[in-house]
There are 2 protein chains.
Amino acid sequence: MSKDQPTSGSRLGRRNDPERREKIIQACLQVIAEVGVTGTSHRKVAAQAGVPLGAMTYYFDGMQDLLHSAFSELATRVSDDFERLMDTATDKQSACEKVYERILQASSGYDDELVLSHELYTLATREPAFRTITSEWMRRSRVSLERHFDPLTARLLDATIEGVTIHRALDAQPRDPEEIRAAIARVTGVPSFSS
Amino acid sequence: MSKDQPTSGSRLGRRNDPERREKIIQACLQVIAEVGVTGTSHRKVAAQAGVPLGAMTYYFDGMQDLLHSAFSELATRVSDDFERLMDTATDKQSACEKVYERILQASSGYDDELVLSHELYTLATREPAFRTITSEWMRRSRVSLERHFDPLTARLLDATIEGVTIHRALDAQPRDPEEIRAAIARVTGVPSFSS
DNA sequence: GACATTTGAGTACACTCGTACATATACTTT
DNA sequence: AAAGTATATGTACGAGTGTACTCAAATGTC
């Protein structure tokens with residue numbers, strides 16, 4: 001789907017920044033976080049990345065390809081982070097604690113990751129190409145949770161994280177963090193986790 | 001925020017369709033469902049509604065106002081439906097059953113409501129004006145659930161509905177409906193509901 | 001050093017957009 | 001019937017868009 005990275009290696013020259021493609025992707029995510037997919041344009045991304053407009057169509061096959069590349073990158077980064085987080089837990093109890101902290105952080109204040117994931121979801125509900133990204137995201141999330149929970153519980157917990165995070169983020173009035181603990185306790189059946 | 005509906009009544013004349021404003025709102029939701037907020041324009045909405053372009057700025061104070069009106073309408077409609085659905089339940093058990101059916105329906109196949117709610121969430125993560133709509137939506141949803149569950153359970157169940165629906169909808173591979181039952185059973189503590 | 005080839009940049013074009021505004025239409029009042 | 005007014009519409013404008021395409025620059029090869 002995406003244009004190949006221009007051939008690198010000893011035989012072919014690349015003059016300027018060899019990480020230009022990556023720089024554009026990061027700039028794109030930043031622009032999306034600020035103004036949404038709706039407000040994203042080649043020109044804004046180019047300006048943010050500090051590259052000429054022509055580079056947009058040079059490195060990517062149009063806007064769709066750019067968005068797809070950017071969200072793929074995002075999904076990978078977030079999945080990596082979550083995997084690492086779950087790996088630091090030693091048992092069910094501490095895994096619950098990590099999940100709790102993650103929800104608390106993601107749902108409070110302005111978090112780019114939350115905004116970006118919603119933008120992705122919106123694209124995914126309409127276009128299958130983006131649904132492969134969300135599918136893989138969820139799969140990896142599930143796998144990370146399965147290090148500590150049985151498959152069914154992992155799925156339910158994964159969905160719960162999603163729901164609680166969204167409801168906390170989109171409610172105008174602040175919510176009691178204890179709700180998070182209660183949700184995790186009920187879904188995982190780790191009673192000692194609720195207070 | 002929104003332009004007032006042009007005065008109606010016996011004293012002032014209105015030539016064409018007296019429900020024009022409403023017609024535009026419905027057309028707007030339809031267009032959003034098809035091409036997303038990103039792809040929505042005054043011209044497309046006007047064409048869909050069968051009204052002249054000039055009517056867009058006549059009935060609404062610009063695009064933002066149109067979107068806000070449209071999503072307010074959506075939220076009200078969906079909340080009404082859910083309220084009615086919960087009122088038909090007679091006890092916890094049947095309330096769980098209704099919730100189950102609702103998740104199953106919303107998350108399977110193409111449902112405009114799902115697409116539209118995501119578009120709204122995306123706007124809400126960025127703009128407070130839209131967050132008042134999501135807040136009210138969630139509040140009403142909670143109230144409906146509180147007819148059968150205690151406040152905390154109602155909140156948790158509300159979030160669970162959200163999470164499970166999203167994960168079912170955005171996963172490329174189909175999921176076992178039993179997951180829904182399991183989620184509801186664990187969150188509500190109605191054991192007989194899980195099979 | 002000279003040539004060939006690839007990489008990257010700037011520009012221009014065709015198009016869509018939101019919105020303001022002048023104008024026309026239908027209704028109410030006199 | 002005439003005048004006046006509120007309602008609705010068509011149009012035009014300036015801004016911003018994606019992308020194709022031309023050409024300069026830098027590198028690899030001889």
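The chains referred to below are lettered A, B, ... by the order of the sequence lines, with proteins before strands, and numbering in each begins at 1.
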List the residues meeting salt bridge (Lys or Arg N to Asp or Glu O under 4.0 Å) with [X], not counting sequence neighbours, and say none if there are none.
| X | result |
| --- | --- |
| A:Glu73 | none |
| B:Arg43 | none |
| A:Asp81 | A:Arg84 |

Legend entry - From C:dA9, C:dG8, D:dA20, nucleotide with atom closest to A:Arg20 side chain: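 Ranking C:dA9, C:dG8, D:dA20 by closest atom to the A:Arg20 side chain puts C:dA9 first.
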
Legend entry - A:Glu146/A:Arg139 ion pair, N-O < 4.0 Å: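 Looking at A:Arg139 together with A:Glu146, the answer is no, because their closest N to O distance does not fall below 4.0 Å.
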
Inset, instruction - Identify, between A:Gly54 and B:Met56, the residue whose nearest nucleotide on DNA chain C lies closer to the 5' end. - result: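 Result: A:Gly54.
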
Inset, instruction - Identify, residue by residue, the members of residues 41-52 of chain B with a heavy atom below 4.0 Å from DNA chain D, and return them in order of residue number, or none. - result: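 Residues of residues 41-52 of chain B that come under 4.0 Å of DNA chain D are, in numerical order, B:Arg43, B:Pro52.
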
Nearest-Å distance, [atom1] ([X]) to [atom2] ([N])?
| X | N | atom1 | atom2 | answer |
| --- | --- | --- | --- | --- |
| B:Leu67 | C:dT19 | CG | P | 10 Å |
| A:Leu53 | C:dA12 | CG | P | 13 Å |
| A:Leu66 | D:dG18 | CG | C1' | 12 Å |
| A:Met63 | D:dG16 | CE | P | 17 Å |
| B:Gln64 | C:dC17 | CD | C1' | 16 Å |
| B:Tyr58 | D:dT11 | OH | C1' | 18 Å |

Inset, instruction - Identify, with sequence neighbours excluded, every residue that meets side chain to side chain contact (heavy atoms under 4.5 Å, CB included) alongside B:Pro177. - result: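 By the side chain to side chain contact (heavy atoms under 4.5 Å, CB included) rule, B:Pro177 matches B:Tyr100, B:Leu104.
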
Legend entry - Contact list for residues 146-190 of chain A, test ring-ring contact (aromatic ring centres under 6.0 Å, His included), sequence neighbours left out: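 As it turns out, there is no ring-ring contact (aromatic ring centres under 6.0 Å, His included) pair with a partner in residues 146-190 of chain A once direct neighbours are skipped.
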
Legend entry - N/O (side chain, A:Tyr59) to phosphate O (OP1/OP2, C:dG8) under 4.0 Å: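 The answer is yes; a side-chain N or O of A:Tyr59 sits under 4.0 Å from OP1 or OP2.
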
